[in-house]
Chemist: 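Input: one structure, supplied below.
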Amino acid sequence: MASSDKQTGKNRAFKQSLGHAWDGLRALFHYERNFRKHLAVGSLAIIAGLFLRLTLNEWLWLVLAIFLVLIAETLNTIVEAVVDLVVGQTYHDLAKRAKDVAAGGVLMAAIFAVIVGALVMLPALGRWF
């Protein structure tokens, strides 16, 4: 919602930039169901990693995969918001394409995360048996 008392220019200080970043993360968590789902699955993967006592290298791959999915979901949310702002309730083929491509990026990141999860967790499970 636009308002004349809201900031429209550049941030004046790092603290102000950090505040906006936290506002963005809160908005992601509050408004984006898929972000919460990805966060929950990532958290379960971290719990599994703790249980399986992953190596440092395994942790690096796992955390990379988790954050890649969360970042992709963030970018998807940005694309959706900007497209909706521009086209409103009007259908446009380019708007659909932009949203579909952004969603495809999330899907690719999720597939990568599943592959990394399998490559990391299955051998770790094998070490238990």
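Since the model is a prediction, treat every value here as computed from it, not as a measurement.
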Chemist: How far does CZ of R33 sit from CD of E73, to the nearest 0.5 angstrom?
Modeler: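 The CZ atom of R33 sits 9.5 Å away from the CD atom of E73.
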
Chemist: Please output the side-chain donor-acceptor pairs of residues 112-127 that fall under 3.5 Å, not counting sequence neighbours, one pair per line with the distance.
Modeler:
from	atom 1	to	atom 2	distance (Å)
R127	NH1	E58	OE2	3.0
R127	NH2	E58	OE1	3.0
R127	NH2	E58	OE2	3.4

Chemist: Are any side-chain N or O atoms of N76 and backbone N or O atoms of V106, one a donor and one an acceptor, separated by less than 3.5 Å?
Modeler: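 No, because the side chain of N76 does not come within donor-acceptor range (under 3.5 Å) of the backbone of V106.
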
Chemist: Would you find more than 12 non-hydrogen atoms of other residues, nucleotides or ligands less than 6.0 Å from R36 atom CZ?
Modeler: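 Buried by this count: over 12 neighbours within 6.0 Å.
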
Chemist: Can you name the nearest heavy-atom pair linking V87 to A95, along with the distance?
Modeler: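 Nearest heavy atoms, V87 then A95: CG1-CB, 4.0 Å.
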
Chemist: Which of these, V86, V79, L85, sits in a side chain to side chain contact (heavy atoms under 4.5 Å, CB included) with V83?
Modeler: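 It is V79, the one option of V86, V79, L85 that forms the side chain to side chain contact (heavy atoms under 4.5 Å, CB included) with V83.
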
Chemist: Does I66 share a hydrophobic cluster with V41, counting links as ILVMFWY side-chain heavy atoms below 4.5 Å and allowing steps through other members?
Modeler: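 Different clusters.
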
Chemist: With salt bridge (Lys or Arg N to Asp or Glu O under 4.0 Å) as the criterion, how do D93 and K96 come out once you've worked through the C-alpha distance, each side chain's angles and the decisive distance to 0.1 Å?
Modeler: CA-CA 5 Å; D93 286 334; K96 179 184 181 337; over 6 Å; no

Chemist: Between W22 and L28, is there a shared hydrophobic cluster once you connect ILVMFWY residues whose side-chain heavy atoms come closer than 4.5 Å?
Modeler: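 In one cluster with W22: L28, yes.
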
Chemist: Shared ILVMFWY cluster between L25 and V63, side chains joined below 4.5 angstrom?
Modeler: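 Yes, because L25 and V63 connect within a single hydrophobic cluster, where side-chain heavy atoms sit under 4.5 Å apart.
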
Chemist: Let me confirm one number: the NE2-OG1 distance from H38 to T74, rounded to the nearest 0.5 Å.
Modeler: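 If we round to the nearest 0.5 Å, H38:NE2 and T74:OG1 are 9.5 Å apart.
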
Chemist: State the CD-OG1 distance between E32 and T77, to the nearest 0.5 angstrom.
Modeler: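 Between atom CD of E32 and atom OG1 of T77 there are 3.5 Å.
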
Chemist: Would you call W128 and L52 a side-chain contact if the rule is heavy atoms closer than 4.5 Å?
Modeler: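 Yes, close enough: below the 4.5 Å cut-off.
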
Chemist: Indicate yes or no: at least one non-hydrogen side-chain atom of L64 is less than 4.5 angstrom from one of L60.
Modeler: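 Counting from C-beta outward, L64 and L60 never come under 4.5 Å.
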
Chemist: Are I111 and V69 linked, directly or through other ILVMFWY residues, by side chains that come within less than 4.5 angstrom of each other?
Modeler: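 Different clusters: I111 never reaches V69 through Ile, Leu, Val, Met, Phe, Trp or Tyr contacts under 4.5 Å.
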
Chemist: To the nearest 0.5 Å, what is the distance between CZ on R26 and CG on D23?
Modeler: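 Result: 4.5 Å between the selected atoms.
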
Chemist: Are there over 12 heavy-atom neighbours, none belonging to F14, within less than 6.0 Å of that residue's CZ?
Modeler: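 Not buried by this count: 12 neighbours or fewer within 6.0 Å.
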
Chemist: Same cluster or not: are L70 and L44 linked, directly or through other Ile, Leu, Val, Met, Phe, Trp or Tyr residues, by side-chain heavy atoms under 4.5 angstrom apart?
Modeler: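 In one cluster: no.
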
Chemist: Heavy atoms only: give me the nearest W59-I46 pair and the separation to one decimal.
Modeler: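 Reported closest heavy-atom pair: CH2-O, 3.4 Å.
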
